[in-house]
Amino acid sequence: MKLNDWILPEFDQQGNDFNRYVQQNIEINTHDAYQQLLQDSSFELSFEDVYHKLGLKENCDMMLISDNLKYPSRRHSHDYYEIPFVVKGKLLHIINGIPHIMPQNSFSLIPPGIDHVIASYQHEETVVVNILVSCHLIEKFGELLNAPFMPITKAVWVEDDINPFITQTIRQLIYTYYRNSYHLNLGILGYLMTLFQYLIDTLEHKHEHVLDDLCLQVLRIMKEHPAQVNMDMLTDATHYSAGYLSRHIKQVTGQTISQHIAQIRLNYAMELLVETDMSINDISLMAGYQSESHFYRIFKEVNKLTPAKYRQYLKK
């Protein structure tokens, strides 16, 4: 799905309805310049106020808004859940005073009451889709499951180890919302529940495993060299023995080095299937699989779909 495949209601930063929510006299040229954005007092934005200003249907429970971020936002919180998804460029996202640089395809969850600011980073052209979800809809999800659905009360951001399936889930959500004339349907609700469950699982995983510098270095090497990475490469780069690395990674992350490599290769292959027109054989080689048949077997075992069916489903 490309930028020109959809049109969403737009957060017009220069229009009279929204200009009081942006800081038009500030430019963010460096990472440290974010301090300028925190001088402003915070205000709360209501779900009802947003859909009135956008001219959307009253009593709606979810909205998707496109924002080109010509200007930084003011410090604000809101009475709904917000998921900013970076479609293009890099986003400077300051959450409770702490800056995060979010690359393309990353996203975060901002619960009600969390103070934050968003801005483009270092003059990059940045496009963000904000997914806004009312507390009422979250309560309905809980009633459906006969249990509280949203245990998240703090911000969650996903900028590393982004699952390509979740990225495509968000893009399908955007496209379906557009095709359904900005109204909810069962497909949109399904995508939304999948996304929220992923965010809940991500937060639980972050609580269980706090990664140290060595783990981060090892995972970075794996992502940069998914096809070539092996134990010799890791020991040469970190100057630790194979035995120590294996024990440490398993202890801190809960997974073995082999499991991490397998997941990173699979994620890379899934991304190539959707983002390129390369043949499945070429993708299997580029991702580090021994053969196309080996890739086919692993892929179907994990995703319950063949690579071709997966590509067809997410590109349709």
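Bear in mind that the values here come from a model prediction, so they are computed numbers and not experimental data.
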Any side-chain heavy atom of [X] sitting closer than 4.5 Å to one from [Y]?
{"X": "Y198", "Y": "F107", "result": "yes"}
{"X": "N130", "Y": "L64", "result": "no"}
{"X": "L234", "Y": "V229", "result": "yes"}
{"X": "I110", "Y": "H78", "result": "yes"}

Would you check, one step at a time, whether the test ring-ring contact (aromatic ring centres under 6.0 Å, His included) holds for H116 with H100?
-> CA-CA 11 Å; H116 71 124; H100 303 273; over 10 Å; no
Which residues satisfy the ring-ring contact (aromatic ring centres under 6.0 Å, His included) test with H225, sequence neighbours excluded?
-> none
Without swapping roles, check the side chain of [X] against the backbone of [Y] for a donor-acceptor pair under 3.5 Å.
{"X": "R75", "Y": "V117", "answer": "no"}
{"X": "Q259", "Y": "T256", "answer": "yes"}
{"X": "S73", "Y": "I118", "answer": "yes"}
{"X": "N185", "Y": "G187", "answer": "yes"}
{"X": "T176", "Y": "L173", "answer": "no"}

Will you find, in the side chains of [X] and [Y], an N or O donor that is under 3.5 Å from an N or O acceptor?
{"X": "S134", "Y": "D61", "answer": "yes"}
{"X": "R171", "Y": "N105", "answer": "yes"}
{"X": "N267", "Y": "Q263", "answer": "yes"}

Could you tell me how the ring of F196 sits relative to the ring of Y81: parallel (under 30°), tilted (30 to 60°) or perpendicular (over 60°)?
-> perpendicular
Just say parallel, tilted or perpendicular for the rings of F47 and Y80, cut-offs at 30° and 60°.
-> perpendicular
What ring-ring contact (aromatic ring centres under 6.0 Å, His included) pairs are there with at least one residue in residues 245-276, not counting sequence neighbours?
-> Y244-H248
Test Y310 against every option in F295, Y296, F299 by the ring-ring contact (aromatic ring centres under 6.0 Å, His included) rule and name the one that passes.
-> F299
For P103 and K90, which heavy atoms make the closest approach, and how far apart are they?
-> CA-CG, 4.3 Å
R220 meets the salt bridge (charged side-chain N to carboxylate O under 4.0 Å, His left out) criterion, sequence neighbours left out, with E224
